[in-house]
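Just so it is clear: chains get the letters A, B, ... in the order the sequence lines come, proteins before strands, and each one is counted from 1.
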Number of protein chains: 4
Amino acid sequence: MGHDMGNAGRRQRRKEERPGEILEAAFEEFARSGFAATKLDDVAARAGITKGTIYLYFPSKEDLFLATVREMNRPSQENLAALTAVPQGSAMAILRTHFAFVYEHMVEDRRAREILRMLMAEVSRFPDLADRWRAEVIGPAVENLRRVVRYGIERGEFRASAAEEFPHLLFAPVMMACTWRLMFGDDHALDGAAYLAGHLDLMERGLAQGVGEGGGV
Amino acid sequence: MGHDMGNAGRRQRRKEERPGEILEAAFEEFARSGFAATKLDDVAARAGITKGTIYLYFPSKEDLFLATVREMNRPSQENLAALTAVPQGSAMAILRTHFAFVYEHMVEDRRAREILRMLMAEVSRFPDLADRWRAEVIGPAVENLRRVVRYGIERGEFRASAAEEFPHLLFAPVMMACTWRLMFGDDHALDGAAYLAGHLDLMERGLAQGVGEGGGV
Amino acid sequence: MGHDMGNAGRRQRRKEERPGEILEAAFEEFARSGFAATKLDDVAARAGITKGTIYLYFPSKEDLFLATVREMNRPSQENLAALTAVPQGSAMAILRTHFAFVYEHMVEDRRAREILRMLMAEVSRFPDLADRWRAEVIGPAVENLRRVVRYGIERGEFRASAAEEFPHLLFAPVMMACTWRLMFGDDHALDGAAYLAGHLDLMERGLAQGVGEGGGV
Amino acid sequence: MGHDMGNAGRRQRRKEERPGEILEAAFEEFARSGFAATKLDDVAARAGITKGTIYLYFPSKEDLFLATVREMNRPSQENLAALTAVPQGSAMAILRTHFAFVYEHMVEDRRAREILRMLMAEVSRFPDLADRWRAEVIGPAVENLRRVVRYGIERGEFRASAAEEFPHLLFAPVMMACTWRLMFGDDHALDGAAYLAGHLDLMERGLAQGVGEGGGV
DNA sequence: AATGAATGAGGGTTCATTCAT
DNA sequence: TATGAATGAACCCTCATTCAT
């Protein structure tokens with residue numbers, strides 16, 4: 001009512017930021033409630049806009065969800081891509097660095113954890129999401145690990161073990177910490193330096209060429 | 001399905017069996033679609049009854065969900081309870097037996113996996129579920145593992161390691177296999193004897209008293 | 001479960017009383033909640049039977065309602081029929097007796113009040129009910145009153161007044177007490193001897209041939 | 001209905017008028033069918049909108065009902081408030097004016113009658129409604145009548161009578177006409193000038209200081 | 001670009017009615 | 001006669017989507 005010049009500025013401000021703000025809000029809501037239980041009204045309220053505005057940028061709730069997951073995955077992809085460098089030096093040192101990085105970006109980053117939750121929860125409604133995630137995120141990460149393990153074996157640092165076929169075994173404590181924290185909340189979180197150190201310690205022992213075992217299998 | 005003699009099967013009275021049949025159907029639907037997206041019509045159809053009948057046994061959709069999770073958890077609880085025996089013999093042998101059992105009942109049993117999915121997905125709507133699950137299922141399992149690790153350390157079979165504080169590290173490959181299969185489907189399943197063997201191998205190496213480290217077997 | 005010979009007697013007992021018991025229970029529930037909001041489950045529970053049994057005696061909820069109203073009206077009809085005797089003696093004495101009787105049977109009898117409520121509430125769903133009630137109960141009562149008023153005028157006891165055309169005016173305080181109690185509950189009831197006495201007093205003054213007014217208006 | 005230029009009328013925005021239109025439609029439906037039997041679909045259809053729109057303005061069916069009763073009561077309250085002026089002149093003249101007004105607004109106004117029906121029918125579901133109605137509408141009206149009666153007694157115009165304790169007796173013919181018309185329909189309505197005149201006539205006689213009775217009881 | 005009133009299909013829940021026992 | 005499990009239509013309410021402004 002009357003002359004609403006006051007909020008004219010607010011509307012003008014940022015047009016290209018809108019989609020990002022919406023995705024941000026959508027992420028929070030989808031992560032909290034899952035796809036079906038999330039209301040676009042709540043997303044809009046969190047983004048400080050109205051429901052109709054969402055439809056200016058995303059044609060449907062499903063599309064918004066897909067865009068949200070993709071958006072939130074992007075950083076991980078970039079980060080993990082950085083790990084595909086040619087390995088050099090001690091394989092164990094590489095693993096140390098690698099897992100220190102991974103813990104920071106998958107366990108202690110709430111976003112990454114919530115993405116995991118969303119993927120697990122909505123697999124049957126969005127089967128492509130998990131496929132794509134495996135192809136673009138997890139698969140490469142596993143391959144990277146495998147390469148490091150092989151590198152360690154080749155240079156006589158590691159023994160031959162199932163870790164070559166199942167690098168997942170090395171990655172497992174990360175998933176454990178993720179799911180644990182997802183399910184039981186930050187108050188019961190496992191992680192912290194001690195957990196990571198324990199992981200690395202057990203892994204080193206598990207992978208290492210035993211004393212006096214020579215270089216063979 | 002089954003032997004259904006003509007239309008005599010309709011409007012049967014099976015007060016005893018109904019709840020179980022409904023829970024069975026509800027489990028499938030909740031596991032597939034999550035709480036919010038599951039329609040009671042679909043649950044009823046799967047159970048071969050009509051929607052109204054569900055309300056003869058469960059007062060609401062939420063109660064049905066809770067009852068479903070509890071029902072599906074019962075086997076795990078019973079199974080895990082069986083593991084609390086006093087340890088004797090080789091600690092590593094105990095762990096082998098233990099994990100063989102756990103793989104069978106947590107990784108290869110679809111139900112157990114789906115329960116995990118449901119818990120993760122619905123934590124924010126049913127916070128008590130995860131709490132109860134931790135208190136009654138996971139917590140005891142972790143304690144049991146810890147006891148075995150201590151037992152191994154006491155008898156000089158294992159070295160002192162972070163596994164005592166974080167038995168989760170030993171359990172992690174199980175969770176990994178669970179979540180992997182949940183997300184990527186049976187076709188990409190990790191498990192099988194090789195994965196378990198690899199897990200046990202790495203674990204043994206990781207825990208074992210190193211050669212020449214004194215105190216060892 | 002087990003040998004249920006114990007309640008065999010309970011079922012045998014009274015077969016002809018069942019309909020009456022059901023009507024009794026139905027009356028309470030219909031009076032409390034109205035037709036639409038009354039559940040047959042509640043009627044059955046109040047009657048100490050199960051829902052299905054109602055259908056052995058009444059073909060539908062509507063029929064049960066109609067039977068209930070008819071049943072509860074029967075006493076009034078009988079009572080009011082008794083009033084159609086040929087008037088004799090003082091007209092005012094007849095009115096006194098009449099209204100004393102009416103107060104007892106319409107104001108202080110909860111049943112009669114509740115019937116009024118039910119009729120008013122359900123007129124549009126059961127139009128015949130009100131018609132029949134007017135034809136069989138209220139109409140005759142009004143006619144009876146009119147006869148007494150005429151009788152009083154004829155014997156010079158009453159003046160000519162609108163009470164001849166509208167005996168309702170004399171009856172009105174009864175309706176007032178009824179509706180008042182229906183709406184505001186027994187705690188705020190108007191009735192009691194004082195109210196009746198006041199009614200009769202005002203009526204007598206209103207109807208009476210004024211002192212020194214001779215026989216005309 | 002009304003001027004509806006093409007299909008431009010659909011999806012109109014009338015935030016200001018909508019609530020009133022909905023209350024209007026709700027009143028008709030609730031009055032006809034009672035709370036439980038009224039369908040929001042019918043309310044919406046009558047208001048020319050769809051069911052969902054109702055929920056933009058009223059959070060539930062119960063709230064809509066309460067708002068409806070309150071809205072329809074507002075005029076009565078205003079009108080009756082106007083009557084609380086200091087009495088002057090003939091008490092009987094005041095009563096004449098008063099009841100002429102009341103007949104117009106309580107007996108001949110269908111809305112007021114239907115409100116009475118709704119209150120009587122839904123007392124047990126909405127106990128507060130009747131309480132509030134007594135406190136805000138009926139109670140003050142009774143008090144007002146009592147004041148006039150006392151005024152008449154004080155100025156020697158009226159004799160002392162039960163009308164002082166029970167002004168309801170004076171008001172009763174109004175309720176009679178209301179309930180009569182509610183139950184038997186407009187075709188059998190009692191009212192009209194003759195009924196009112198009769199009421200006033202009997203009341204005057206009933207209240208008046210009798211000829212030759214002096215000022216005493 | 002943004003709003004927000006309006007829509008309408010859909011799902012949870014209730015309950016009168018049926019029917020095999 | 002009585003039961004009570006089962007049905008299925010109906011209704012309240014929600015919410016993704018649309019559209020006039």
Side-chain angles (χ1 to χ4, degrees), chain A residues 4 7-8 10-15 18 36-44 49-62 64, chain B residues 7-16 18 36-44 48-62 64, chain C residues 7-8 10-15 18 36-44 48-62 64, chain D residues 7-16 18 36-44 48-62 64:
Chain A
D4 51 344
N7 58 0
R10 191 191 288 167
R11 198 177 293 181
Q12 233 80 12
R13 186 167 42 122
R14 62 204 171 174
K15 292 176 192 172
R18 273 277 179 271
T38 290
K39 300 178 236 179
L40 291 191
D41 265 321
D42 291 345
V43 173
I49 57 177
T50 61
K51 200 164 41 169
T53 304
I54 295 176
Y55 284 85
L56 295 178
Y57 300 96
F58 304 95
S60 74
K61 190 186 180 186
E62 289 212 351
L64 176 60
Chain B
N7 64 351
R10 308 209 56 201
R11 273 185 185 263
Q12 294 169 52
R13 282 206 232 167
R14 327 190 237 169
K15 176 110 182 165
E16 309 298 311
R18 276 279 181 265
T38 291
K39 300 177 237 178
L40 290 191
D41 266 322
D42 292 344
V43 173
I49 56 179
T50 60
K51 201 166 36 169
T53 303
I54 295 176
Y55 284 85
L56 294 178
Y57 301 95
F58 303 95
S60 74
K61 190 186 180 186
E62 288 211 351
L64 176 59
Chain C
N7 60 359
R10 190 192 288 167
R11 198 178 290 180
Q12 233 80 12
R13 185 166 44 122
R14 61 205 172 177
K15 292 175 193 174
R18 272 278 180 272
T38 290
K39 299 176 239 180
L40 291 192
D41 264 323
D42 292 345
V43 173
I49 56 177
T50 61
K51 200 165 40 169
T53 304
I54 296 175
Y55 285 85
L56 294 178
Y57 300 96
F58 304 94
S60 74
K61 190 184 180 186
E62 289 211 351
L64 175 61
Chain D
N7 64 352
R10 308 209 56 203
R11 275 186 182 261
Q12 295 169 53
R13 283 206 232 165
R14 325 190 237 171
K15 174 111 184 166
E16 309 297 311
R18 277 279 182 266
T38 290
K39 299 176 241 180
L40 291 192
D41 266 321
D42 291 345
V43 172
I49 57 178
T50 60
K51 200 167 36 171
T53 302
I54 295 175
Y55 285 86
L56 294 178
Y57 302 95
F58 303 95
S60 73
K61 190 185 180 186
E62 287 211 353
L64 176 60

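- Checking E/dG4, F/dT7, E/dA5 against the side-chain heavy atoms of D/Leu56 singles out E/dA5 as nearest.
- Atom pair C/Glu62:CD and E/dT17:P shows a separation of 8 Å (rounding to whole Å applied).
- The side chain of A/Lys61 lies closest to F/dT17, out of E/dT3, F/dT17, F/dG4.
- Rounded to whole Å, atom C1' of F/dC12 lies 9 Å from atom CG of D/Asp41.
- Rounded to whole Å, the distance from CD1 on B/Ile54 to P on F/dA5 is 16 Å.
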Using atom types as modelled, flag every donor-acceptor pair under 3.5 Å from a side chain in residues 54-62 of chain B to any protein atom, sequence neighbours excluded.
unit_1	atom_1	unit_2	atom_2	d
B/Ser60	OG	B/Glu62	N	3.3
B/Ser60	OG	B/Asp63	N	3.2
B/Ser60	OG	B/Asp63	OD2	2.7
B/Lys61	NZ	B/Phe35	O	2.9
B/Lys61	NZ	B/Ala36	O	3.4
B/Lys61	NZ	B/Thr38	O	2.8

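- Note that CG of A/Asp42 is 5.0 Å distant from NZ of A/Lys39, once rounded to the nearest 0.5 Å.
- Side-chain proximity of B/Thr53 to F/dT14, F/dT7, E/dA5: nearest is F/dT7.
- You won't find any donor-acceptor pair under 3.5 Å spanning the side chain of D/Lys51 and the base of E/dT7, going by distance alone.
- Between B/Tyr55 atom OH and F/dA9 atom P there is a gap of 17 Å when expressed in whole angstrom units.
- Between A/Tyr57 and E/dA2 there is a side-chain polar atom (N or O) within less than 4.0 angstrom of OP1 or OP2.
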Checklist outcome for this item: The dot-bracket string of DNA chain F, counting Watson-Crick and G-U wobble pairs with both distances under 3.5 Å, using [ ] for crossing pairs and | for pairs to another strand, is .||||||||||||||||||||

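- Across the interface with DNA chain F, nearest-nucleotide mapping of A/Gly52 and D/Lys39 shows D/Lys39 to be the residue nearer the 5′ end.
- Residue C/Ile49 is the one, among D/Ser60 and C/Ile49, whose nearest nucleotide of DNA chain F lies closer to the 5' end (criterion: closest heavy atom).
- Among the atoms of the strands shown, only primed sugar atoms or phosphate atoms (P, OP1, OP2) are found under 4.0 Å from some heavy atom of B/Leu40.
- For the pair D/Leu64 CG and F/dC11 C1', the computed distance is 15 Å after rounding to whole Å.
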